[in-house]
Asks: 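Right, I'll just put the structure down here and ask away after.
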Amino acid sequence: MKREPIPLKKVIINGVINGLIFTLFMEGYYNFFTEDKFSLLRVFIHFFAFGFFMALIFRYQYRKKN
């Protein structure tokens with residue numbers, strides 16, 4: 001398998017989308033099952049932390065050598 005870097009623009013878009021989806025589901029379920037108030041700081045941390053780590057994980061793509 002050959003490891004190829006993905007263009008930075010796609011990596012950033014992927015991180016933003018993954019962070020947004022994770023944050024919406026986590027905050028939605030957390031606020032639904034608990035009686036805590038909505039926290040913008042918690043949304044910010046979930047969004048950037050998860051998005052950043054997902055972008056790092058999916059920085060490269062692997063292809064079979066022909």
Side-chain angles (χ1 to χ4, degrees):
M1 293 227 159
K2 185 178 179 186
R3 185 173 116 167
E4 299 175 358
I6 297 175
L8 185 60
K9 184 177 179 180
K10 286 187 177 183
V11 171
I12 292 171
I13 291 171
N14 186 21
V16 168
I17 290 172
N18 285 329
L20 183 64
I21 291 171
F22 176 79
T23 302
L24 290 175
F25 282 114
M26 288 302 291
E27 279 301 307
Y29 281 120
Y30 182 77
N31 288 331
F32 182 74
F33 289 113
T34 64
E35 295 182 9
D36 290 346
K37 292 191 293 185
F38 178 79
S39 171
L40 193 57
L41 178 63
R42 190 169 49 232
V43 168
F44 182 75
I45 291 171
H46 280 161
F47 176 71
F48 282 106
F50 190 77
F52 177 74
F53 287 119
M54 290 305 288
L56 285 179
I57 290 170
F58 292 115
R59 175 70 177 115
Y60 296 99
Q61 64 182 357
Y62 295 93
R63 293 188 181 193
K64 287 186 175 181
K65 291 181 183 177
N66 290 339

Asks: Measuring from N31:CG to M26:CE, what's the distance to the nearest 0.5 Å?
Replies: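 It comes to 10.5 Å.
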Asks: Mind checking whether F33 and F25 sit in one hydrophobic cluster, side chains of I, L, V, M, F, W, Y counted as touching below 4.5 Å?
Replies: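 Result: yes, single cluster for both.
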Asks: Aromatic rings F22 and H46: how do their planes relate, parallel, tilted or perpendicular, breaks at 30° and 60°?
Replies: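 The arrangement is perpendicular - the two ring planes meet at more than 60°.
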Asks: CD1/I13 to CD1/I6 distance, rounded to the nearest 0.5 angstrom?
Replies: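 Spacing of CD1 (I13) from CD1 (I6) equals 11.5 Å.
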Asks: For the CE atom of M54 and the CZ atom of R59, what is their distance to the nearest 0.5 Å?
Replies: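 Spacing of CE (M54) from CZ (R59) equals 15.0 Å.
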Asks: What is the minimum heavy-atom distance between N14 and F58, and which atoms define it?
Replies: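 So the minimum-distance heavy-atom pair works out to ND2-CB, 3.5 Å.
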Asks: Report the C-alpha distance between F44 and T23 in whole Å, list the side-chain angles of each, state the deciding distance to 0.1 Å, and finish with yes or no for side-chain contact (heavy atoms from CB on, under 4.5 Å).
Replies: CA-CA 8 Å; F44 182 75; T23 302; over 6 Å; no
Asks: At what distance, to the nearest 0.5 angstrom, does CZ of F52 lie from CD1 of I12?
Replies: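 If I round to the nearest 0.5 Å, the distance is 11.0 Å.
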Asks: If you count heavy atoms of other groups shown closer than 6.0 angstrom to CZ of F38, is the number above 12?
Replies: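 Yes, CZ of F38 has more than 12 neighbouring heavy atoms, counting only those of other groups under 6.0 Å.
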Asks: Assigning hydrophobic clusters by single linkage (Ile, Leu, Val, Met, Phe, Trp, Tyr; side-chain heavy-atom cutoff under 4.5 Å), is L24 placed with F47?
Replies: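 Cluster IDs for L24 and F47 match.
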Asks: In Å, rounded to the nearest 0.5 Å, how long is the span from CG of L20 to CZ of F50?
Replies: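 The distance works out to 11.5 Å.
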Asks: Please round to the nearest 0.5 Å and tell me the distance separating atom CD1 of I17 and atom NZ of K10.
Replies: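 Answer for the CD1-NZ pair, I17 versus K10, is 11.5 Å.
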Asks: Nearest heavy-atom pair of A55 and G15: which atoms, and what distance?
Replies: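 That would be CB-CA, 4.1 Å.
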